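Working notes for the structure below.
Throughout, residue positions are numbered sequentially from 1 according to the sequence presented. Just so we're clear, the structure is a prediction, and the values are computed from it rather than from any experiment.
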Amino acid sequence: SPTPERDIKITKRAEFVAKFFRKHYPDIKLVFGNNTSSSGVMATLFRNGLDPKLVDYIGIETPGQGCIPERLWRGGTQGTWFADETAKHFGYDIPITGCYEFTARPLRLLGMTKQAEYKIRDALVGLSYGFDYVGMGAVSDVANGYLQTIWGTCGLLTRNSLHYPKPLFSAVAAVTRALDQMEVGPKTLDTGANTTYALEFKRKDGKFAYACWMPVGEAIIAFEFPNGTEIEQIEFLGKTTRKTAGKFDLNVGTGPCYLVTSASATSVKHVRTIPNEPPKPFKVVEKLDTLDGFRVMGGVRNLDGGDMYRKQGKFEFTQVNDAEHGSCVAIKLVKEGKIKAFETEYTKIQFKRPDAIEGTPDEIGMWVNGDGGWGKIGFEIQDAEGRLHRSEGQWHDFGAETFIAFTGWRFIKFPIDGEGVKKHLNQSLGARWSGKAITYPFKITGLFITLTRQSLNPAEMKEVPGVIRIKDLGTIANPEYQQ
């Protein structure tokens with residue numbers, strides 16, 4: 001167990017080893033960390049007097065597992081932010097880089113395509129923090145029992161003796177070709193939408209490379225260049241097209257894509273989010289077109305999901321007429337006082353007259369007009385035995401299905417079963433709902449609304465509006481989830 005005495009002993013050992021290498025092997029770079037986000041171990045060392053001149057890099061090992069790369073939590077890729085802030089807290093400016101275990105993306109949680117998407121996005125987020133080492137995995141998956149660990153399927157190829165190329169193989173080839181001989185430390189471009197990411201890299205051959213992606217959904221980005229710019233478009237798995245133009249519209253999604261150009265862009269802007277559609281049949285339970293059907297409850301005890309650092313906030317609810325969805329409910333976070341950059345604020349609304357829902361629906365969903373701030377929508381239901389269940393928990397939503405990681409209207413949905421017994425695992429480790437298994441029929445009793453003042457884009461905190469709109473809450477019977 002951590003004690004002051006133990007921490008002092010660890011710091012002295014680290015200092016002894018570091019000084020030994022400095023004296024006898026001065027060319028070797030010393031990386032401290034390899035401990036998830038490394039923020040805890042670095043705080044221990046600095047608090048107990050470790051000389052920062054002995055630290056060449058803080059090393060990031062965050063396993064990630066099935067969690068979306070861009071979400072801020074210490075166990076994922078964005079744990080890098082906590083390591084950086086820890087060093088700054090002690091007054092140090094220390095480079096950060098990836099360790100050999102950065103990151104672990106197991107096939108059993110993600111599947112082939114998503115594994116490739118997440119690994120490439122891990123790399124791009126790391127590069128945005130200035131990593132000069134990004135591990136992309138082994139040559140092939142292992143061919144023994146280690147295959148069942150979170151690290152065992154990190155290969156570019158399948159296991160021995162098959163060695164079939166995985167999508168990750170082609171995705172790594174594509175990003176390598178696009179960013180060949182790029183300078184460390186890309187420029188993050190302001191697209192006007194916080195989760196429509198665009199990084200600009202300078203290459204040694206004088207060209208510019210752009211990496212663009214989204215955590216969820218699809219969008220159109222409009223690029224403007226000087227007339228006559230040579231443009232090479234490289235898709236996620238390497239398909240390439242070339243043209244000469246001054247303007248270029250790029251369709252971006254969860255698999256990063258790239259432009260390699262002869263000149264730097266003069267403008268890069270998010271044009272629009274491409275809307276998705278709810279699965280059929282979608283049955284509306286609460287229209288959310290007026291303020292009459294619910295009351296604002298404020299805080300609640302024992303709300304899970306401590307990695308969101310939630311505190312009760314002040315919110316304004318208004319009925320508005322939206323150009324796309326008509327009458328709906330707008331929710332605005334009232335930003336009073338000061339809070340830490342990583343803290344979020346929430347409230348709860350409770351429906352006045354919830355009715356029991358017929359049948360055994362498989363999903364719950366609603367329309368949300370997001371601000372790209374990485375807030376969250378939480379659902380509360382009451383089952384046939386009177387038990388309350390909340391779609392909350394530390395590891396319940398690795399895929400960020402209920403997070404507001406988008407700008408504009410998007411239909412969000414979440415599985416209803418409580419024990420993970422149906423086909424859809426939502427890329428999570430444990431039960432997705434707090435409480436025991438859900439018994440039918442149930443009622444939708446409330447929503448938890450979490451919003452933020454700032455969020456990462458992708459490596460710097462940016463102010464976000466803290467304003468969303470919601471419409472049409474309901475359920476879906478999805479035959480694909482039935483065993």
So, are R121 and E70 salt-bridged, with charged N and O less than 4.0 Å apart?
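Yes, this pair counts.
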I would like to know whether F248 and F225 meet ring-ring contact (aromatic ring centres under 6.0 Å, His included); could you show each step before the answer?
CA-CA 8 Å; F248 192 91; F225 300 96; 7.7 Å; no
Salt bridge (charged side-chain N to carboxylate O under 4.0 Å, His left out) between E392 and K376: does it pass, once the steps are laid out?
CA-CA 10 Å; E392 297 290 347; K376 186 173 181 292; 3.1 Å; yes
Counting only heavy atoms from other residues, nucleotides and ligands, does the tally under 6.0 Å from [atom1] of [X] exceed 12?
X: E230; atom1: CD; value: no
X: F169; atom1: CZ; value: no
X: D93; atom1: CG; value: no
X: N144; atom1: CG; value: yes
X: K335; atom1: NZ; value: yes

Does any N or O in the side chain of [X] come within less than 3.5 Å of the main-chain N or O of [Y], such that one atom is a donor and the other an acceptor?
X: T266; Y: E224; result: yes
X: R22; Y: K53; result: yes
X: E61; Y: T36; result: yes
X: D7; Y: T44; result: no
X: E316; Y: K332; result: no
X: S391; Y: F379; result: yes
X: D51; Y: L54; result: no
X: Q115; Y: T153; result: yes
X: T158; Y: Y164; result: yes

Set out, in order, the CA-CA distance, both residues' side-chain angles and the distance that settles salt bridge (charged side-chain N to carboxylate O under 4.0 Å, His left out) for D322 and R469, then state yes or no.
CA-CA 9 Å; D322 184 85; R469 294 178 178 183; 2.7 Å; yes
Judged by modelled atom types alone, do [X] and [Y] share a side-chain donor-acceptor pair under 3.5 Å?
X: H270; Y: T196; answer: yes
X: W409; Y: N276; answer: no
X: K462; Y: Q454; answer: no
X: S264; Y: E200; answer: yes
X: T450; Y: R310; answer: yes
X: T407; Y: N194; answer: no

Identify the residue among K207, K243, R177 that makes a salt bridge (charged side-chain N to carboxylate O under 4.0 Å, His left out) with E232.
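Going through K207, K243, R177 one by one, the salt bridge (charged side-chain N to carboxylate O under 4.0 Å, His left out) with E232 is satisfied by R177 alone.
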For the pair F20 and Y25, name the ring-plane relationship: parallel under 30°, tilted 30 to 60°, perpendicular over 60°.
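Tilted, since the angle between the ring planes falls between 30° and 60°.
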Would you call the rings of W367 and F411 parallel, tilted or perpendicular if under 30° counts as parallel and over 60° as perpendicular?
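Perpendicular: the ring planes of W367 and F411 meet at over 60°.
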Could you go through the side-chain hydrogen bond (donor to acceptor under 3.5 Å, both in side chains) check for E117 and T254 one step at a time?
CA-CA 7 Å; E117 292 181 350; T254 54; 3.1 Å; yes
Do I377 and I468 pass the side chain to side chain contact (heavy atoms under 4.5 Å, CB included) test, and can you show the C-alpha distance, the side-chain angles, and the key distance before you say yes or no?
CA-CA 11 Å; I377 302 295; I468 65 170; 4.1 Å; yes
Separation between OG1 of T347 and CZ of F315, rounded to the nearest 0.5 Å:
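T347 OG1 to F315 CZ: 6.0 Å, rounded to 0.5 Å.
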Shortest non-hydrogen separation from V252 to C257 and the atoms involved
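Reported closest heavy-atom pair: CG1-SG, 3.8 Å.
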Sort out for me which residue in Y100, F102, Y57 forms a ring pair (Phe, Tyr, Trp, His ring centres under 6.0 Å) with Y133.
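Answer after filtering Y100, F102, Y57: Y100.
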Among R159, H163, K166, find the one that has a side chain to side chain donor-acceptor pair (under 3.5 Å) with D141.
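Result for side chain to side chain donor-acceptor pair (under 3.5 Å) with D141: K166.
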Considering the options V268, L189, L259, which one meets the side-chain contact (heavy atoms from CB on, under 4.5 Å) requirement together with I221?
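Among V268, L189, L259, the one that satisfies the side-chain contact (heavy atoms from CB on, under 4.5 Å) with I221 is V268.
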Would you list the pairs meeting ring-ring contact (aromatic ring centres under 6.0 Å, His included) in which at least one residue belongs to residues 199-222, sequence neighbours left out?
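Matches after skipping sequence neighbours: Y197-W213, Y210-F223.
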Report the residues that fulfil salt bridge (Lys or Arg N to Asp or Glu O under 4.0 Å) with E345, sequence neighbours left out, ordered by chain and then residue number.
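Once residues adjacent in sequence are excluded, the partners of E345 under the salt bridge (Lys or Arg N to Asp or Glu O under 4.0 Å) criterion are R453.
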